[in-house]
Amino acid sequence: MKEFNTNYEALQRNNMDLLELKHVLRKAQTIFDTGEMGAIQDSASHAELMNSLTSRCGPVASGSPPREASISFMAGTILASKVQAFERLIWRISRGTILVRCSDIETLLQDPHTGEDVRKSIFFAFYQGEQLKSRVKKVCDAFRATVFPCPDQPQDIREMSIQIMTRIEDLKTLLGHTQQHRQQVLTASAKNVDSWTVKVRKIKAVYSLMNCFNIDTTQRCFIGEAWCPTQDLERIRMALLRGSEAAECSVPSFITPLKTNDTPPTYHKTNKFTSGFQAIVDTYGVATYREVNPAPFTVITFPFLFGVMFGDAGHGLVMTMMASVLLWKEKVISKQKDMGEIASTIFGGRYIIFLMGLFSIYTGLIYNDVFSRSLNIFGSRWSAQRSVYNLSEDAANNDTTFVFPTFQLDPTNTSSDYIYDNGPYPFGLDPAWQLATNKINFSNSYKMKMSVILGVIHMLFGICLSTFNHTYFKKKINLICEFVPQVIFLSCMFGYLVVLLFYKWIVFTADKSGCTPGLLIGLINMFLLKHQENPVNKDGTECTIYSFYPHQSTVETILVVVAVLCFPWMLFGKPLYNRWHTKRAHYSEVHNIDEATTTESSTDDGHAGDGFMDVMIYQGIHTIEFCLGVVSNTASYLRLWALSLAHTQLSEVIWSMALARGFAFNSILGVPVLFCIFSFWAIGSLCILILMEGMSAFLHALRLHWVEFQNKFYGGNGYPFEPFDLRQIHEGVMPESA
């Protein structure tokens, strides 16, 4: 193909030269036909030439006869933009003895190098003598002008013009055939461009990798060091053996494991389902080698916490359907290239979106919230004493204007319009709460308590996962001085609160709702060591709003004292142990005591060589961070309640502003109006409630995992394992050379 292009460019250059020569001959024919050449010959008289020569060369010898002047000319083409400079320089070097005639070529010519259209001009330079000829030639070379041989007789010009026209026609035919043949070659080559590209990338990647190898002393083989998964060691050995046999190498390739003190890279074997969740974890930080990987737990906890905040079965169903389309067309979409950053990110997280939709349906059914409406699947456990229409009439009769009746659901009030008498609703919230005006009070209390429970369980689970890190890295001191006090500290504070929540739900019924304890005030009084006596009801019974189980003040005092003692435990335990162990090791070296008698190796946390104060400062920062983080992280989990409330209220607002107004029409006009209003409601639900609220819930769930969950056990200070993978070359990702 390169040869084709070179030949085609040469043909175009010849064609351009012939076209320029054609215009030059045409202009020369015009000069001879109009008699301009004769006028130039007559003007160059012998006397004038002698005077010009005298002024330059001195007087002529007396008595010498005058000779007839011989005028020659040089013809060619030059860029139109250089004509003025060309004429000016010719005049200066000849002092006006060279006559230049220029005229523009009317048609644009195509430059064979750049393919752009250029405008050129024809020039004729009339001179006398070989000296002026050489000067004109040098100026033409300086301006890169093209000089053509031009006959000085009209008959010769006509014959040469005919020959040039014939050559131009032949050259056009040859250019057409060449272009057609080149097009055929390009069409045939286009079918193999992708395979050629992949082959070139593979060759480039292989040679780039080979540059990382060293040559042994015998100059017969390459030696390289690389990381590989232990489980794939045998596969790599067999692959090298097959490659050596196929290449018929005299020295077969082999692999030998080496012992090193370097920290290996981290490799997590994932598939298309778990890769999205692993990407979420790796964005926070790649795990240190053999550190607990949060991704398997994130597969469940991340979409679940998202569903708690999203909490609408209808919107979750839409999200699940959108993700199902991506899963259905997975093979087709994955073959597309250059989808864009946003589209590729959404497609890469298709399984995350699918699970988020499923968990949103689950939590939406628990909230009994489907597009801000409720489903009466199992039948409400609240029975109505009067019809809603009777209540509406009563409300209208009591005032001059119609007032929609208020429904207060109170299980203790048997004289109200709604009576609770059929036991609990089988699954989720009772649909009767959808009509109640005290729905927000009930749902807020329920969701806020649920957020605290989920948050404490989530953080406690993260602390428990740290035991695997401490056990694997043989840091038993971390189990005693970090894990145990952290669990005790969290359990004494907010674990106790969770126990009180369940105790309150189980022990206190609706009949005792007037004397139920305020847990938030009780928790504050617990830390202030402030214990108040319960008031007495009018009937003489005790109202348990402060103390609701025996010896509560004693238990809470013990919990506070234990939680306070955990602080110095975490702060001083590990530094003092490291100092004691360092002194003991130094004593063993001085007195030649066998190191095998020591019970435990040094706790290498990256601070073994630091001083005692440095370790104390480091441990103090982490202790304060954990103690303050327990309070702030628990409060941070209240975002589960806040976002769920915001999503519910926004959904109800869009419903009341759109579909509720459309259903108010009683005439036939309501059909087209309802159609338009439904479009507005659908667009608002999709853009605001599903996309915007979904993105908000996603980011908040991401924060809960990164900050509140993973910082309890996950360091993320490793570096990823980046193998030499030919599949990445097919995707256009070239491996980095060392």
Side-chain angles (χ1 to χ4, degrees), residues 299-325 327 351-382 407 409 411 418 420 422-436 438-455 457-458 501-502 505 637 639-656 659-660 681-682 685-686 688-691 693-694 696-698 700-701 704:
V299 173
I300 300 300
T301 58
F302 185 86
F304 174 72
L305 293 182
F306 174 87
V308 172
M309 291 181 283
F310 203 65
D312 191 297
H315 299 153
L317 179 62
V318 175
M319 184 177 294
T320 305
M321 294 173 62
M322 295 170 61
S324 299
V325 174
L327 297 179
Y351 288 98
I352 302 177
I353 300 174
F354 182 76
L355 287 182
M356 290 192 304
L358 292 181
F359 277 94
S360 298
I361 295 175
Y362 172 72
T363 55
L365 293 177
I366 292 180
Y367 299 156
N368 205 348
D369 193 356
V370 183
F371 296 117
S372 74
R373 301 294 94 187
S374 296
L375 298 178
N376 192 4
I377 301 176
F378 304 102
S380 176
R381 295 311 188 250
W382 295 80
F407 301 100
L409 296 184
Y418 277 77
Y420 180 76
N422 296 326
Y425 195 71
F427 185 80
L429 295 182
D430 195 293
W433 285 105
Q434 181 66 31
L435 302 175
N438 58 341
K439 171 190 174 182
I440 295 181
N441 297 332
F442 172 76
S443 61
N444 279 356
S445 176
Y446 164 71
K447 292 180 180 179
M448 183 172 61
K449 294 179 176 64
M450 179 192 64
S451 300
V452 174
I453 294 172
L454 293 177
I457 295 175
H458 201 208
L501 287 174
F502 284 101
W505 285 341
Y637 277 94
R639 69 184 69 239
L640 299 174
W641 154 59
L643 265 73
S644 176
L645 175 63
H647 187 86
T648 302
Q649 294 303 310
L650 278 175
S651 183
E652 290 186 359
V653 167
I654 293 179
W655 175 276
S656 60
L659 283 184
W681 173 82
S685 298
L686 180 63
I688 299 176
L689 298 177
I690 297 179
L691 296 181
E693 283 289 313
S696 176
F698 178 87
H700 283 283
L704 290 177

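Residues: numbered from 1 along the sequence shown.
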Would you say [X]'s side chain and [Y]'s backbone share a donor-acceptor pair under 3.5 angstrom?
X      : Y      : answer
Asp430 : Ser380 : no
Ser656 : Val653 : yes
Tyr367 : Asp312 : no
Ser324 : Thr320 : yes
Asp369 : Ser372 : yes

Listed partners of Lys439 passing side chain to side chain donor-acceptor pair (under 3.5 Å), at least two apart
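Scan of Lys439 (side chain to side chain donor-acceptor pair (under 3.5 Å), adjacent residues dropped) gives Gln434, Glu652.
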Here's one to test your reading of the geometry: is the NZ or CZ of Lys449 within 45 degrees of the ring axis of Phe502 and under 6.0 Å from its centre?
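The answer is no; the distance or angle limit is not met.
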Between Phe310 and Phe698, ring centroids under 6.0 Å
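No, the ring of Phe310 stays outside the 6.0 Å limit from the ring of Phe698, centre to centre.
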Less than 6.0 Å separating the ring centroids of Phe378 and Tyr425?
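For Phe378 and Tyr425, the ring centres are under 6.0 Å apart.
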Rounded at 0.5 Å granularity, tell me how far [atom1] in [X] sits from [atom2] in [Y].
X      : Y      : atom1 : atom2 : value
Ile377 : Asn368 : CD1   : CG    : 7.0 Å
Leu454 : Tyr637 : CG    : OH    : 9.0 Å
Leu640 : Leu305 : CG    : CG    : 5.5 Å
Ser651 : Arg373 : OG    : CZ    : 8.0 Å
Leu429 : Leu365 : CG    : CG    : 11.0 Å
Leu643 : His700 : CG    : NE2   : 4.5 Å

Determine, step by step, whether Leu689 and His647 satisfy the side chain to side chain contact (heavy atoms under 4.5 Å, CB included) criterion, reporting the C-alpha distance in whole Å, the side-chain angles of both residues, the deciding distance to 0.1 Å, and the verdict.
CA-CA 7 Å; Leu689 298 177; His647 187 86; 4.1 Å; yes
Does the side chain of Val318 reach to within under 4.5 Å of the side chain of Phe371, using non-hydrogen atoms?
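Heavy-atom side-chain distance check passes, below 4.5 Å.
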Identify each donor-acceptor pair in which a side-chain atom of residues 351-362 lies under 3.5 Å from a protein atom, sequence neighbours left out, and give them as a table.
unit_1 : atom_1 : unit_2 : atom_2 : d
Tyr351 : OH     : Glu330 : OE1    : 3.1
Ser360 : OG     : Met356 : O      : 2.7

Which class fits the ring pair Tyr446 and Phe442: parallel under 30°, tilted 30 to 60°, perpendicular over 60°?
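Answer is parallel, since the angle falls under 30°.
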Stepwise, does the side chain to side chain contact (heavy atoms under 4.5 Å, CB included) test hold for His458 with Thr301?
CA-CA 9 Å; His458 201 208; Thr301 58; 4.0 Å; yes
Please determine whether the number of non-hydrogen atoms from other residues, nucleotides or ligands lying under 6.0 Å from atom CE of Met322 exceeds 12.
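It does not: Met322 CE has 12 such atoms or fewer within range.
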Could you go step by step and tell me if His315 and Leu686 meet the side chain to side chain contact (heavy atoms under 4.5 Å, CB included) rule?
CA-CA 8 Å; His315 299 153; Leu686 180 63; over 6 Å; no
